[in-house]
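What follows is a single structure, written as structure tokens, with notes after it.
Residue numbers begin at 1 in each chain, while the letters A, B, ... track the order of the sequences.
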Amino acid sequence: MPDRPSTFFLLWSQTKYQNKIFFRNPMAAFFTLFFPLMIFVVFSLVFGNQEIGYLGVTTAQYYAPSMAVFAAVSATYTNLAVTTAYQRDRGILKRVRGTPLPPAVYLGGKIISAIMIAAMAVLIMMTIGVVFYGVQVYASTLASAAVTFIVGVASFAALGLLIAAVVSSGESATAVTNATLLPLSFFSGVFIVPSDDAPAWLDAVANFFPLKHFVEPFVAAFSPLTVGAGWDWGSLGYMVLWGVIAVVLAIRFFKWEAPVGRGGKSRRRKKDATVT
Amino acid sequence: MAVIEVQGLVKHYGEVEAVCGVDLSIDAGEVFALLGPNGAGKSTIVEILEGHRAKTSGSVSVLGYDPAKAGRSYRERIGIVLQETAVEEQLTVKEAIDVYGSMYPKRRKTGELIELVGLGEKTDSRIKALSGGQRRRLELALGIVGDPELVFLDEPTTGFDPSARRQAWSIVENLTSLGKTVLLTTHYMDEAQYLADRVAVIAKGQIVAEGTPDTLGGRETASTLITFQMSGHSIEGLPSNEVTLSENGRVTVRSMDPTGDLHRITGWAIERGVELAGLSVTRPSLEDIYLELIGEGTDA
Ligand SMILES: Nc1ncnc2c1ncn2[C@@H]1O[C@H](COP(=O)(O)OP(=O)(O)O)[C@@H](O)[C@H]1O
Ligand SMILES: [Mg+2]
């Protein structure tokens with residue numbers, strides 16, 4: 001086909017329209033962009049923006065990057081899983097599957113859009129931290145912060161699609177993502193500054209899942225105590241591992257059509273309304 | 001040349017035998033209707049042809065492709081309107097047509113398409129704000145935005161009011177005039193009769209009759225009914241064999257030679273000075289034939 005649209009053009013138009021859908025969905029935009037920001041502001045108020053003794057950084061210096069990671073993970077993991085599963089329930093994925101758009105381009109557009117939204121959330125969070133809470137940004141660790149971000153959101157986007165692939169409905173996607181992200185955020189140093197008193201098993205759980213490997217190096221990149229450029233190859237490699245496994249499993253289990261009897265009311269058009 | 005060629009198509013969902021040995025051959029430029037009640041297996045057949053579902057057995061060829069294995073180049077040539085579907089509600093009508101249109105090598109112009117489906121006033125409305133019928137028309141537009149050679153329409157007008165249905169029909173006529181092949185499913189007899197060149201009546205996963213709307217189920221050779229009201233007269237000597245008289249004096253004559261029979265009956269009546277009140281001559285409607293074919297016939 002000579003006039004076939006180029007992959008690049010398709011990817012870009014898919015990304016743009018996924019962005020549009022996100023920003024026109026006030027609930028998603030609120031929970032992704034403002035909810036983490038609110039927590040950050042509340043923590044800074046409640047704990048006071050002073051130095052956290054044993055960490056040697058201020059409350060804001062810790063929570064701005066940690067809540068930025070939380071926002072980034074919400075934008076990728078939670079949002080991708082939930083919107084994709086709901087779109088499948090409503091028959092939108094099936095519609096897309098019936099077009100010539102290559103499935104990888106459709107999902108690629110979703111991933112790029114999610115990463116763009118994550119980047120925006122992180123920028124907003126860090127900017128507010130810097131402007132209003134005296135958060136310091138260090139040139140020496142910016143590169144490792146950026147790479148940690150990219151590897152982290154890519155892995156969590158893959159995990160989000162994996163959840164979408166294995167759940168049976170949008171409701172269960174919401175349940176699964178919340179039931180995983182929220183507890184892990186507590187264990188992994190997102191909401192609570194990690195202490196040495198935590199039981200070993202909790203440490204083991206946190207170390208097993210990828211969230212800690214995202215938060216820890218990202219927060220470290222904004223700590224004045226970090227020496228050198230802040231590269232944490234172990235964490236990066238571990239996130240890549242999770243991401244690759246998630247991609248493989250997501251491709252293996254992805255469904256374009258909701259299981260029969262699922263898909264909720266929205267898919268059923270009223271047949272009784274017939275006028276003959 | 002046949003665009004769609006199906007032989008011995010079978011589809012089981014676990015225990016449910018949804019399609020039990022269907023043969024179809026549909027030529028380029030034809031409008032073909034699968035007519036049948038809910039649960040007959042229409043969507044199953046259509047979705048197998050679209051590549052959305054896997055068949056259990058049989059052979060299927062569409063535009064020379066096996067839809068189960070076909071990919072992008074097949075989907076560039078077909079257009080699909082699913083029975084149950086949705087479009088991203090956050091988009092406007094124009095945005096949806098643009099983004100779906102951008103996926104195809106050929107595409108119909110957004111503005112013209114919006115006019116064609118009668119959504120001109122809704123161009124910049126969010127899909128969320130459209131009525132059910134308007135959404136369905138948008139889905140029709142999305143089904144043909146890639147200027148497909150072959151269009152699948154699964155119950156395109158279910159739930160429409162009569163004027164929306166007329167409009168949808170004119171869209172299909174527009175496709176026909178462009179030489180497209182259309183496979184549509186419906187459970188409305190009048191829709192099949194109006195739109196289709198050929199109709200297959202399907203019940204319980206099997207084709208029970210196939211033909212043009214006029215010949216379907218032997219309609220053109222079926223007996224004509226001549227009925228009239230008689231009061232106080234005997235039907236003695238009425239020149240026809242198949243005469244029935246109901247209790248309220250309604251006479252029904254089943255005729256294979258309506259012209260001759262009518263002549264003889266009116267002659268007989270004039271001779272005796274009898275008035276044939278409410279005289280009518282009717283052919284069995286497609287509906288009568290259809291209900292009989294799908295096994296829900298009532299004695300009319
Ligand atoms: N995905 C499915 N799983 C199980 N049974 C199905 C599925 N789809 C359809 N059926 C069953 O197959 C039969 C035919 O359904 P369908 O093809 O949708 O008929 P129609 O479109 O003519 O209403 C029905 O008995 C229906 O319940
Ligand atoms: Mg159906």
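Residues A:Ile92 and B:Val87 come closest through the heavy atom pair CD1-C, 3.8 Å. Residue B:Arg75 comes nearest to A:Thr99 through the heavy atom pair CD-O, 3.2 Å, listed as atom of the first residue, atom of the second, then distance. Residues B:Met103 and A:Pro100 approach most closely at O-CG, 3.5 Å, considering heavy atoms. A:Pro102 approaches B:Arg72 most closely through the heavy-atom pair CG-NH1, 3.6 Å.
The CD atom of B:Glu95 lies 4.0 Å from the NZ atom of A:Lys20; values are rounded to the nearest 0.5 Å.
Taking 4.5 Å as the limit, some side-chain heavy atom of B:Thr92 sits within range of a side-chain heavy atom of A:Arg24. Put simply, the side chain of A:Gln14 reaches to within 4.5 Å of the side chain of B:Val99, judged on heavy atoms. Between B:Tyr104 and A:Asp3 the shortest side-chain heavy-atom distance does not fall below 4.5 Å. In this structure the side chain of A:Lys94 never reaches within 4.5 angstrom of the side chain of B:Thr85, judged on heavy atoms.
Using modelled atom types, one side-chain atom of A:Arg95 and one backbone atom of B:Ala86 make a donor-acceptor pair closer than 3.5 Å. Panel note: side chain A:Arg90, backbone B:Glu88; no donor-acceptor pair is recorded below 3.5 Å.
Proximity to chain A (any heavy atom under 4.5 Å) is shown, for B:Ser163, by neither the backbone nor the side chain. With a threshold of 4.5 angstrom between heavy atoms, B:Tyr74 does not approach chain A through any atom at all. At a 4.5 Å heavy-atom cutoff, the contact between B:Glu47 and chain A is made by side-chain atoms alone. For B:Glu50, no part sits under 4.5 Å from any heavy atom of chain A, backbone or side chain.
Crowding of A:Phe34 atom CZ: a count of heavy atoms from other residues, nucleotides or ligands under 6.0 Å not exceeding 12. Remark: A:Phe254 CZ is packed, more than 12 non-hydrogen atoms of other residues, nucleotides or ligands lying under 6.0 Å away. The number of heavy atoms from other shown groups lying within 6.0 Å of NZ (A:Lys255) is above 12.
Most heavy-atom pairs under 4.5 Å with chain A, from the set B:Glu89, B:Lys128, B:Lys106: that is B:Glu89.
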Contacts under 3.5 angstrom, residues 103-127 of chain A side chains, donor-acceptor by atom type, not counting sequence neighbours:
{"residue": "A:Tyr106", "atom": "OH", "partner": "A:Gln87", "partner atom": "OE1", "Å": "3.3"}
{"residue": "A:Lys110", "atom": "NZ", "partner": "A:Gln87", "partner atom": "OE1", "Å": "2.5"}
{"residue": "A:Ser113", "atom": "OG", "partner": "A:Asn19", "partner atom": "OD1", "Å": "2.7"}
{"residue": "A:Thr127", "atom": "OG1", "partner": "A:Leu123", "partner atom": "O", "Å": "2.5"}

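Among residues 5-13 of chain A, the residues having any heavy atom closer than 4.5 Å to a heavy atom of chain B are, in sequence order, A:Pro5, A:Phe9, A:Leu10, A:Ser13.
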